[in-house]
Amino acid sequence: MKYLFFFIGIAAATGQVKFEPEHTEVWEPKPTKITPGINTAPPSDAIVLFDGTDLSLWEGEDGTPASWTLNDDQSLTVKPKSGGIQTKAEFGSIQLHIEWKSPEIVKGEGQGRGNSGIFFQKAYEVQVLDSYESVTYSNGQASSVYKQHIPLVNATLPPGKWQTYDIVFNEPKYEADGKRIKKGTLTVFHNGVLVQNNVEIQGTSVYRGFPKLRDINLPKKLYLQDHGDRVSYRNIWLRKL
Ligand code: MG
């Protein structure tokens, strides 16, 4: 794998390669599959972004009203092809709690099964995916920092079961001219299990090619992805750090 990246790096430097998505997929090693426990409940100092009642703190990715489906069980479901939703407010470094479930009726494979995602500052994705009994590239499975960091273990529960992410996001630091002086970091607990241990964010989450520096002029909104699958969310809160 090391040699493949070396080769691609050389080729990229000389402008001789056209990237395909497969060039940045890492399939081995596969994180060990484990059975997690469950926890929840917002602390008193949290900003509650979604408690099941309304989407008043959210908007569509183009700034129009958020149109995802509100359910009777106080959850929220992706409305496929409506686009992602994002917070109206912007956030720097945060602790985030969010619960999600992939559709009970399983369809699709790999990246096409229960795909959504949580994008910090609309740029850095912690993957949401049905990775219970579905194979994909390791750096793109549930709780990966998409195409940057493979989770330490696979703590995914079966489709249709509620799952938790507890995430610490430390934003990258920039100088006024846009030069990055410190990389951001992510720590992720999936269903209470540590799966990302203070990993460095290389740059924006990119499907094709390598991470890029985030445009510092773009708003720092928390963004949930519409990848065409009816993934549901509930109990979303954060604490500013
Ligand atoms: Mg995704």
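For ligands, and for the atoms within them, numbers begin at 1 and follow the listed sequence. All values reported here derive from a predicted model rather than from experimental measurement.
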Plane angle bin for His97 and Trp237 - parallel if under 30°, tilted between 30 and 60°, otherwise perpendicular: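 Plane angle under 30°, so parallel.
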Thr156 and Asp130: side chain donor to acceptor below 3.5 Å: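 No - no donor-acceptor pair under 3.5 Å links their side chains.
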Pair Glu200, Thr185: side-chain N/O donor-acceptor within cut-off below 3.5 Å: no
Nearest non-hydrogen partners of Gly117 and Glu125, listed with the distance: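 For Gly117 versus Glu125, the nearest heavy atoms are CA-OE2, 3.3 Å.
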Shortest non-hydrogen separation from Leu55 to Ala66 and the atoms involved: CD1-CB, 4.1 Å
For the Mg ion (ligand 1), every protein N/O/S atom that sits closer than 2.8 Å, waters excluded: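 The answer, once waters are left aside, is Asn115 OD1, Ser116 O, Glu125 OE2, Gln127 OE1, Gln225 OE1.
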Exam field: side chain Trp27 to backbone Val135, donor-acceptor pair closer than 3.5 Å: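 Checked: no pair found.
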